[in-house]
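This report refers to the structure that appears directly beneath it.
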Amino acid sequence: MKLNPNTSQAYQLLHNGSLAMGRAERQGIRVDVEYVKKEKARLSKNINTNMTKLKGSKFYKRWEESVLKEVNINSAPQLSKFLYKVQGLEPPKLTEGGQGSVDEETLLQLNIPELNQILQIRKLKKIRDTYLDQFQREQVDGYIHPFFNLHLVRTYRSSSNSPNFQNIPKRDEEAMQIVRSALYPRPGHQLLEVDYKGLEVAISCCYHKDENMIKYVKDKKTDMHRDMMEQIFKIKYNGSDEHKHLRAAAKNGFVFPQFYGDYFVNNARDMACKWGELPNGIFKDGAGISIDDQGTTLGTHLRDNGIKSIRSFETYLEKIQYDFWDNRFPQYAQWKQKWWDVYRRRGFVDLLTGFRCHGVMARNDATNYPIQGAAFHCLLWAFIELDRSLMVDGWKSRLIGQIHDAIILDVYPGELEAVSELIHHVTTKELPKAWPWIIVPLEVDAELCPVDGSWAEKESYKLIA
DNA sequence: GGAACTCGCCAC
DNA sequence: AAACGTGGCGAGTTCC
């Protein structure tokens, strides 16, 4: 895959982007080194306690007897061999390389207490060895300086390394707390994070111009994921926590994978495993989350509606998939076909931002690359413009990083309001003016940490009053 | 002793 | 007809 900013506009974006990223890299993010050391020690103790417990189990003894050398619970091949060859269990899933998988989803499915213990140890090790270790290793005088690369990704997105600032835990509450509690703004400042809402969906509209999808993006009263939740689970959305959970299941288990090119068989399996009650998925009678005041469970509800097995859920999702592309978003579907045809004829696809993707591509790539790349370029354009503004106007606030569709700043509290307004203006007003091909409104969300507070303490924040 | 590989897992 | 996009990184393993 050849790097090819095909126009001078694209070149300028990379050039100015590199300079802006460089300035953010130089700023860095403060690390509480003492905290990191203490937290690593605490995790180590916790890991040891868990190890001791595990070693006392019959499971572990049987494992020990089956190997010549010492048992290594970090070794996927060793665990796979023990479970599927020695113990003779049926692998619920195979890896890419054809071995019995021992990833989290698989081990949960096997439903063995010792495996859950291994998962707990894995999680703590990940926090300690991937994140805290990295911060300690990479910090200089109490600051890390993550790199933000613009020249490494086939889609013209960015990447980050040393340490990677773009994969800090967020969803898992415990991991999020531990890791983000290590990161701070400069003394007397506060961290601010601004992210585009549904940026890739919005940018996809600029390519395919699907009227129904544009309506979803433009009209705040509509909600694509809520509608899909109602269709997939045959439930009227009521805003309860349980229904929010199902909305997220529809979004992350069907809608987004479909956008990336996945299909109903995988969707059905994933949703049943991830969001259902194991080991029998959402279809076990009486299992799963309750969906109303009477305590009816999702499993029962689906059975009442004729969906009695993963197989029948699959068949049902197949219909929904065809409806999704044939009726709901037909213009998006046509665009995907057209873009693939264009790639096969010419051997490349162009981005709305003046970049060109060459090289061997699979069908999904030809549509995913231009969307992913152009979406990031929106962020990059705003980043450059904000960097310039903050510098020209002599603000004390600084840009310190970027996560594909989000910008992270180190803000001087006295400038918070002015900077907020500037950010809102640049990201949602100036960008669409500069790039007229952006035909849907862009929105941003923000989160703010207390003055001298860590990144774990962020709370939702309105950019403009 | 290091390169290249697999596997697992974190983010968008 | 086919079937999930982009990264970085750690640990284990194999090969040279």
Side-chain angles (χ1 to χ4, degrees), chain A residues 1 69-81 93-107 118-119 121-135 137-138 146-172 175-176 178-180 193 195-201 204 252-270 314 317-318 321 325 336-337 340 357 361-373 375-376 379 401-406 408:
Chain A
M1 189 80 53
K69 32 183 190 161
E70 208 169 324
V71 165
N72 185 344
I73 69 152
N74 304 317
S75 169
Q78 265 196 45
L79 181 55
S80 178
K81 192 176 165 199
K93 191 174 80 170
L94 297 182
T95 67
E96 192 68 29
Q99 301 299 311
S101 172
V102 293
D103 66 10
E104 182 178 14
E105 186 193 320
T106 310
L107 295 193
I118 288 176
L119 286 176
I121 294 169
R122 252 193 216 169
K123 185 185 148 185
L124 299 176
K125 276 168 123 46
K126 172 92 177 171
I127 296 170
R128 184 190 64 180
D129 300 344
T130 300
Y131 296 104
L132 298 183
D133 257 0
Q134 234 188 147
F135 293 165
R137 172 162 33 84
E138 298 290 343
F147 291 97
F148 295 99
N149 315 296
L150 299 180
H151 62 298
L152 296 178
V153 181
R154 341 149 56 87
T155 63
Y156 301 105
R157 247 199 193 178
S158 66
S159 71
S160 171
N161 66 290
S162 305
N164 183 349
F165 190 64
Q166 297 178 322
N167 70 346
I168 313 276
K170 182 175 191 173
R171 296 178 192 116
D172 183 287
M176 186 283 284
I178 296 173
V179 177
R180 292 188 182 227
E193 183 169 348
D195 67 302
Y196 276 109
K197 209 184 273 183
L199 186 59
E200 285 194 14
V201 174
S204 80
N252 299 317
F254 182 81
V255 179
F256 281 168
Q258 284 284 332
F259 285 163
Y260 286 136
D262 202 3
Y263 81 127
F264 64 92
V265 173
N266 287 336
N267 300 152
R269 192 185 131 270
D270 281 5
E314 217 177 271
L317 273 193
E318 180 175 16
Q321 174 178 312
W325 292 110
K336 288 206 298 184
Q337 183 57 45
W340 174 236
C357 289
M361 284 182 225
R363 192 186 189 89
N364 293 332
D365 300 337
T367 45
N368 283 327
Y369 289 7
I371 294 170
Q372 196 181 94
F376 170 66
L379 191 285
Q402 152 274 125
I403 313 175
H404 307 304
D405 65 356
I408 291 83

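Every chain is numbered from 1, with letters handed out A, B, ... down the list of sequences.
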### Query
Which listed nucleotide (C:dG8, B:dC7, C:dA11) is nearest to the side chain of A:Asn167?
C:dG8
### Summary
Regarding the side chain of A:Asp405, the nearest nucleotide among C:dC4, B:dC10, B:dC12 is B:dC12
### Task
For A:Ser101, answer base if it contacts any base atom (sugar-phosphate contacts may also be present), sugar-phosphate if it contacts only those atoms, and nothing otherwise; contact means non-hydrogen atoms under 4.0 Å.
sugar-phosphate
### Message
Categorize A:Ser80 for me: base, sugar-phosphate, or nothing, with a 4.0 angstrom heavy-atom threshold over every strand shown.
### Response
nothing
### Task
Looking at every strand, decide which applies to A:Gln134 at a 4.0 Å heavy-atom threshold: base, sugar-phosphate, or nothing.
sugar-phosphate
### Task
State which of B:dC9, C:dT13, C:dA11 makes the closest approach to the side chain of A:Leu119.
B:dC9
### Query
Of all the choices, C:dG10, C:dT13, B:dC10, which nucleotide is nearest to the side chain of A:Pro169 once you look at every atom?
B:dC10
#### Entry: Options B:dC9, C:dT6, B:dC7, nucleotide nearest the side-chain atoms of A:Glu96
B:dC7
### Query
Base, sugar-phosphate, or nothing: which does A:Gln99 touch, judged by heavy atoms less than 4.0 Å apart?
sugar-phosphate
### Summary
Against the side chain of A:Tyr263, the closest entry in C:dA3, B:dC9, B:dC12 is C:dA3
### Message
Taking any heavy-atom pair under 4.0 Å as a contact, classify A:Asp195: base, sugar-phosphate, or nothing.
### Response
nothing
### Query
If you check every side-chain atom of A:Arg171, which of B:dA11, C:dT13, C:dT6 has the closest atom?
B:dA11
### Task
Just call it for A:Lys126: base, sugar-phosphate, or nothing, with non-hydrogen atoms closer than 4.0 Å on any strand.
base
### Query
Checking all strands, does A:Asn368 fall into the base, sugar-phosphate, or nothing category for heavy-atom contacts under 4.0 angstrom?
sugar-phosphate
### Message
Applying a 4.0 Å non-hydrogen cut-off, can you work out what A:Thr367 is touching in the nucleic acid: base, sugar-phosphate, or nothing?
### Response
nothing
#### Entry: Options C:dG12, B:dC12, B:dC7, nucleotide nearest the side-chain atoms of A:Thr95
B:dC7
### Message
From C-beta outward on A:Asn364, which listed nucleotide comes closest to its side chain: C:dC4, C:dA1, B:dA11?
### Response
C:dC4
### Message
For a quick check, tell me whether the side chain of A:Gln166 and the base of C:dG7 share a donor-acceptor pair closer than 3.5 Å.
### Response
no
### Message
Once you apply a heavy-atom cut-off of 4.0 Å, does A:Arg363 come out as touching a base, just sugar-phosphate, or nothing?
### Response
base
### Message
Nearest to the side chain of A:Gln78, heavy atoms from C-beta on, is which of C:dT13, C:dC4, B:dA11?
### Response
C:dT13
### Query
Which is true for A:Arg137 with a 4.0 Å heavy-atom rule: it touches a base, it touches only sugar-phosphate, or it touches nothing?
sugar-phosphate
### Query
Going by an N to O cut-off under 4.0 Å, is there a salt bridge joining A:Arg154 and A:Asp365?
no
### Task
Name the nucleic acid region contacted by A:Val102, choosing base, sugar-phosphate or nothing; use a 4.0 angstrom heavy-atom cut-off, strictly under.
sugar-phosphate
### Task
Under 4.0 Å between any heavy atoms, over every strand shown, what does A:Asp365 touch: base, sugar-phosphate, or nothing? Just pick one.
sugar-phosphate
